[in-house]
Amino acid sequence: MTHIAIIDYGMGNLRSVAKAFEHVAPKARVSVTQDRRDILQADRVVFPGQGSIRDCIRELAHWDLLGVVRAAALGKPFLGLCLGPQALLTFSEENGGVDCLNVLPGRVVWFGELREPETGERLKVPHMGWNQVRQAGDHPLWRDIPQDSRFYFVHSYYLKPEEPALIAGQTRYGFDFASAVARDNIFAVQFHPEKSAQAGLRLLANFVDWNP
Amino acid sequence: MGLAKRIIPCLDVDRGRVVKGVRFVEIRDAGDPVEIARRYDQQGADEITFLDITASSDDRETMVHVVEQVASEVFIPLTVGGGIRALDDVRRMLNAGADKVSINTAAIARPEFVREAAERFGNQCIVVAIDAKAVHQAGETPRWEIFTHGGRKPTGIDAVEWARRMSAYGAGEILLTSMDRDGTKQGFNLDLTRAISEAVSIPVIASGGVGTLDHLADGILLGKADAVLAASIFHFAEYTIEQAKRHLRARGIEVRL
């Protein structure tokens, strides 16, 4: 039986993530866990996160999970959600500047004062609601998801990967930002697939089937 | 191409049943919350808000179960409001499967509660609900004040100032209800909605008074709301969410369809 481990380090409610996986993969074992061995032995690892990046990195350290996340991100199908992809980059501007896991090279940057370039209309921050994702190319996790599908976002900081090759999807909010990044066995999205109705559930199902 | 404006059906829940009152008085039964949430999800609702209007704290457990049931089969954001007074209440609702909680009276009683909740659980899950009523006379500069107890008790707090303060305290979103309009089907208070939306940088959900699909569009186009919330026009099947979205699109508003 496939074992999907959702890393629980005290950042946000993971029940929704677990429920969504149980829904798309009824035969899998889905665990919400902070047990190092459980995570390292799982077939697939999900790295979620909510809240601030400082607390995120601090809690990972507190639970002695920094090395575990890095190890899992090296070897097996690995899905980052929301704050997860931010934590995977090198550095975040949030909370006065926080060093992150440096699994993927890049920075996390505040949206700041945003305006729609064409209309001059002020854009609200957090970027909250359903926005479109332009897929950068074919990836097994985009299978059967129409180009420009909408997913649910809620965030004030965005991903700025160093290499364009890392960008798996882009979203427009005043400008184009990376809403999905990928490399080898890693796929990480800024939005919440577990709250994105059919498109989101499809992405989670694709992750369960993914053999990078 | 861009962020869609949201339509959020609101379910007033009393002892496990969806009800709808007019101006907080006359209560009509509208059905089973799980069934209604499922139907709204299928019609394309962007989020669902549950407002627990249960008076007794003994019945709060019922609301936790409602959220648990809905969250295990409806995969869109869920907000729960009503009776959120302590960090433990927030935790319980989030653990049950809510994505956001809406704080109203407790924020007025102790504004620091909003700051503490946002720091502990993240701004993204803290919605501050503001119930406001016009207090200016005809011909005067518009002014709105916060009211509690279903619109009966004035607080003396200016609504625009309050919205700014709550945003500074870490609220991720504001749910704004016009008490003058709630349940009247005369449309949102557009001046109030625009004043609040322009005063803060966080998203504002307009609520109170929707009777037609044009009211929803006006809330966005004229009131500058980021999302619109309505209850009775959807519960009593006057319109489906999809019809509402098609109408918004026809008026040039970006929606998720």
Side-chain angles (χ1 to χ4, degrees), chain A residues 10-20 22-24 49-53 55-56 82-83 111-114 116 118-119 121-134 148-156 170-174 176 192-201 204, chain B residues 1-8 41-42 44-48 67-78 90-101 118-125 127 167 170-174 197-198 200-205 224-227 254-257:
Chain A
M11 292 298 287
N13 156 45
L14 305 180
R15 189 190 169 87
S16 304
V17 179
K19 286 281 166 205
E22 284 163 10
H23 188 82
V24 299
Q50 264 181 8
S52 80
I53 195 74
D55 295 350
C56 166
C82 192
L83 198 59
F111 270 123
E113 301 290 324
L114 268 187
E116 188 63 60
E118 286 144 40
T119 60
E121 186 195 347
R122 188 176 57 138
L123 297 173
K124 300 291 182 83
V125 175
H127 171 228
M128 185 186 286
W130 298 79
N131 205 337
Q132 291 172 292
V133 176
R134 167 62 51 98
D148 298 332
S149 287
R150 289 185 185 275
F151 293 87
Y152 189 80
F153 287 82
V154 48
H155 62 123
S156 301
Q170 283 192 303
T171 294
R172 183 160 192 81
Y173 195 55
D176 292 334
H192 287 268
E194 78 281 10
K195 286 290 162 181
S196 296
Q198 287 315 310
L201 294 174
L204 297 183
Chain B
M1 178 98 185
L3 185 66
K5 300 295 180 186
R6 290 168 279 156
I7 293 187
I8 307 174
D41 174 37
Q42 284 160 2
D46 295 310
E47 301 186 17
I48 296 174
V67 175
E68 276 173 357
Q69 278 178 280
V70 174
S72 53
E73 48 181 307
V74 173
F75 299 100
I76 57 174
L78 307 175
V90 181
R91 191 191 326 272
R92 267 170 83 209
M93 285 308 173
L94 297 181
N95 285 342
D99 299 281
K100 314 180 201 178
V101 294
E119 275 177 12
R120 177 66 191 85
F121 303 104
N123 312 42
Q124 83 288 337
C125 64
V127 182
S167 168
E173 201 173 26
I174 283 170
S197 188
E198 287 177 348
V200 296
S201 66
I202 55 176
V204 172
I205 306 165
K224 305 286 176 201
D226 302 280
E254 182 140 9
V255 291
R256 162 181 165 257
L257 259 173

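Keep in mind that the numbers below use all heavy atoms, side chains included, and drop hydrogens, waters and symmetry copies. Below, read A as the first sequence line, B as the second, and so on, with proteins coming before strands; counting in each chain starts at 1.
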Max heavy-atom pair count under 4.5 Å with chain B, selected residue of Gln198(A), Glu22(A), Arg15(A):
Arg15(A)
Atom pair CD1 (Ile7(B)) and CD1 (Ile205(B)), whose distance is rounded to the nearest 0.5 Å:
13.0 Å
Name of the residue among Phe111(A), Trp130(A), Phe153(A) meeting ring-ring contact (aromatic ring centres under 6.0 Å, His included) with Tyr173(A)
Phe111(A)
Which one of Glu116(A), Lys19(A), Lys195(A) has the most heavy-atom pairs closer than 4.5 Å to chain B?
Lys195(A)
From CD (Glu47(B)) to CE (Met128(A)), nearest 0.5 Å:
7.5 Å
So do the side chains of Arg122(A) and Leu114(A) get within less than 4.5 Å of each other, counting heavy atoms only?
no
At their closest point, which heavy atom of Pro126(A) faces which heavy atom of Ile202(B), and how far apart are they?
CD-CG2, 4.0 Å
What part of Val204(B) gets closer than 4.5 Å to chain A, counting heavy atoms only: side chain, backbone, both or neither?
both
Highest number of heavy-atom pairs under 4.5 Å with chain B among Glu113(A), His23(A), His192(A), His155(A) belongs to His23(A)
Looking only at heavy atoms and a cut-off of under 4.5 Å, which of Ala98(B), Ala118(B), Ser197(B) has the most pairs with chain A?
Ser197(B)
Nearest heavy-atom contact between Ala197(A) and Ile76(B) is CB-CG2, 4.0 Å
Counting only heavy atoms closer than 4.5 Å, note whether Glu73(B) contacts chain A via side chain, backbone, both or neither.
neither
Pick whichever of Ser201(B), Ala4(B), Ala227(B) has the most heavy-atom pairs under 4.5 Å with chain A.
Ser201(B)
Could you grab the distance from atom CG of Leu3(B) to atom CD of Gln132(A), nearest 0.5 Å is fine?
10.0 Å
Contact leader toward chain A among Asp41(B), Val200(B), Leu78(B), where contacts are heavy-atom pairs under 4.5 Å
Val200(B)
Pick from Ala96(B), Ala71(B), Gly44(B), Cys125(B) with the largest number of heavy-atom pairs that fall under 4.5 Å of chain A
Ala96(B)
So, the part of Arg256(B) with a heavy atom under 4.5 Å from chain A: the answer is both
Please state whether the side chain, the backbone, both or neither of Ser52(A) comes within less than 4.5 Å of a heavy atom of chain B.
neither
Is chain A contacted by the side chain of Asn123(B), its backbone, both, or neither, given a heavy-atom distance below 4.5 Å?
neither
Gly172(B) and Pro203(B): which non-hydrogen atoms are nearest, and at how many Å?
O-CD, 3.4 Å
Between Val101(B) and Met93(B) the two heavy atoms that sit nearest each other are CG1-CB, 3.9 Å
Checking Asp46(B) against chain A: side chain, backbone, both or neither under 4.5 Å from a heavy atom?
both
